[in-house]
Amino acid sequence: MPLEPIGKTLLVTGGCGFIGSNFLRLALRAPAAWTRIINLDKLTYAGRLENVAGLAGDPRYSFVHADICDPEAVAGVFAEHRPSAVVHLAAESHVDRSILHPQAFVRTNVEGTLVLLEAAQRFWASLEGSAREGFRFLHASTDEVYGSLAPEAPPFTEASPYAPRSPYAASKAASDHLVRAYSATYGLPVLLSNCSNNYGPFQLPEKLIPLLIRFALQGRPLPVYGDGLQVRDWLYVEDHCRALLLLLAAGRPGQTYNVGGEEERTNLAITEQVCRLLDALRPKAGGSYRDQIELVADRPGHDRRYAVDAGKLRRELGWRPHMESLEDGLSTTVAWYLEHEGWMEQVTGGGYSGWIAENYDRRGQS
Ligand code: NAD
Ligand code: TYD
């Protein structure tokens, strides 16, 4: 007998991370969209049960503690939960860590994605009729696979060539290629999204914006790499999650969609804005948080600019960010971190201080 998906069941990998936990909250708020959501997560240093604590009582939600690199565990999840779609967010995601410890990136991002694809493909091949037709494998990737943009170059489109330059970006590029290969070779109905830098609640303070907030409050120097004039295109995390939900509902199988905020800023501009917001919301005696800004030794191979053209997603699916502007989003975000200092303390326990020491203590000035 062919297997049938159970109701509308969504399998999310990496749901205890930054984007994953925001995605789960949004998906569970979407009226009657999913009858069940399974969150498969290894709980690495970046995956925190604190991020999904609010979901524990929801009968539609369940958590599976597993590694996407474990073929038996992953096949077991497909057999037991019989999902109608997969959103693949589990990854090693921090560029600086990939520079110092690249192996984990190849293991999870490349091998883990292959394990997941193989399990998804076998499960999908066993389906029939509308269950088979409706199945989707949505792979969340990054704009970093396209490499570094020249200052005046037009933003990345879905046709931009792949030119990854960090071990993180290279591992994500490899995973994207595998996902497309499973579409071409086996017919698996995949979707790919390549998104720009996300910001918002529940981001671990190893990434720029929450790190600045935490260091500012601790009175530490605010480490801006190199000349601070690298440009990123920032998107509020819930707007990325909305794009993922839209893609699941209406994206064309086999297609790639770029997602971005079209809000380009230099790192220095972001840092100064965070300082301005902190000055207003948590003034410090005797000066501005700006006084803590320090230009430090650059990240090796630091990509100069990313910018994303999200026109295809806007035209085909009517997506648009709900957050009015980056300034509004930053203001919401800084306020959230100030209201969640307890969460910040919890997620920066364990190995966090070891990482901060490794990446910053002997960095030197630029
Ligand atoms: P994150 O580091 O905050 O979370 C990653 C999650 O994956 C964690 O919960 C972790 O425990 C889990 N995980 C890691 N290895 C695993 C494994 N082997 N098995 C099972 N679970 C594992 O990452 P994020 O910022 O939420 O990013 C999520 C996805 O979105 C990633 O694929 C990333 O490449 C992509 N992305 C992120 C951004 C961004 O700005 N953060 C932008 C574009 C794309
Ligand atoms: P990050 O949040 O690590 O995201 P990504 O590398 O994926 O873009 O960094 C965003 C930008 O901020 C990037 O250009 C590197 C820079 N950066 C700093 O200047 N200082 C820091 O301490 C960190 C973590 C990042």
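Order of listing sets the numbers, starting from 1, for every ligand and every atom in it.
Ranking protein heavy atoms by distance to atom 32 (O) of ligand 1, first place goes to K172 NZ, 2.6 Å. In terms of protein heavy-atom proximity, atom 21 (N) of ligand 1 is closest to K42 N, 3.1 Å.
Closest heavy-atom approach to atom 3 (O) of ligand 2 among the candidates R299, E144, H302, Q230: R299. When the options V64, T142, I19 are ranked by their closest heavy atom to atom 38 (C) of ligand 1, first place goes to I19. The heavy atom nearest to atom 3 (O) of ligand 1, out of those in Y306, F18, Y168, is found in F18. Across the listed options G14, A73, A91, A91 owns the non-hydrogen atom lying nearest to atom 5 (C) of ligand 1.
The distance criterion of under 3.5 Å between nitrogen or oxygen atoms is not met by D96 with respect to ligand 2. For ligand 2, the polar-atom distance check finds an N/O of L208 within less than 3.5 Å of one of the ligand's N/O atoms. By the 3.5 Å distance cut-off applied to N or O atoms, N197 is counted among the residues near ligand 2. Residue-to-ligand polar distances place P223 within reach of ligand 2: an N/O pair is separated by less than 3.5 Å.
H322 and D239 are not linked by any side-chain donor-acceptor pair at a separation below 3.5 angstrom, with hydrogens and angles left out of the test.
Using a non-hydrogen distance threshold of 4.0 Å, Y168 does not register as a contact of ligand 2. For the pair G112 and ligand 1, no heavy-atom separation below 4.0 Å is found. The closest approach between any non-hydrogen atom of S196 and ligand 1 is below 4.0 Å. A heavy-atom separation below 4.0 Å is not found between T13 and ligand 1. Within the 4.0 Å heavy-atom shell around ligand 1 one finds N197. Proximity of A66 to ligand 1 is established by a heavy-atom distance of less than 4.0 Å.
A salt bridge between E272 and R290 is present, with a side-chain N of the basic residue lying under 4.0 Å from a carboxylate O of the acidic one.
Looking at every heavy atom in both residues, C16 comes nearest to F63 through SG-CE1, 3.7 Å. Among all heavy-atom pairs drawn from L244 and L89, the shortest one is CD1-CD2, 4.2 Å.
Listed by chain and residue number, nothing satisfies the side-chain hydrogen bond (donor to acceptor under 3.5 Å, both in side chains) test with D309 (two or more places apart in sequence, or in another chain). Here R165 pairs with D303 under the side-chain hydrogen bond (donor to acceptor under 3.5 Å, both in side chains) rule; sequence neighbours left out.
Within the 4.5 Å cutoff, no side-chain heavy atoms of N258 are placed close to those of K312. Taking 4.5 Å as the limit, every side-chain heavy atom of Y337 sits out of range of all side-chain heavy atoms of E341.
When non-hydrogen atoms are compared, ligand 2 lies under 4.0 Å from the side chain of L211 (C-beta onward) but not from its backbone. With a heavy-atom cut-off of 4.0 Å, L43 touches ligand 1 through its backbone alone.
For the pair R299 and Y225, the NZ or CZ position fails the cation-pi test of under 6.0 Å to the six-membered ring centre and within 45 degrees of the ring normal. Seen from the ring of F18, K207 does not count as a face-on cation partner, given the 6.0 Å and 45° thresholds.
In the displayed structure, Q218 atom CD is contacted under 6.0 Å by more than 12 heavy atoms of other residues, nucleotides or ligands.
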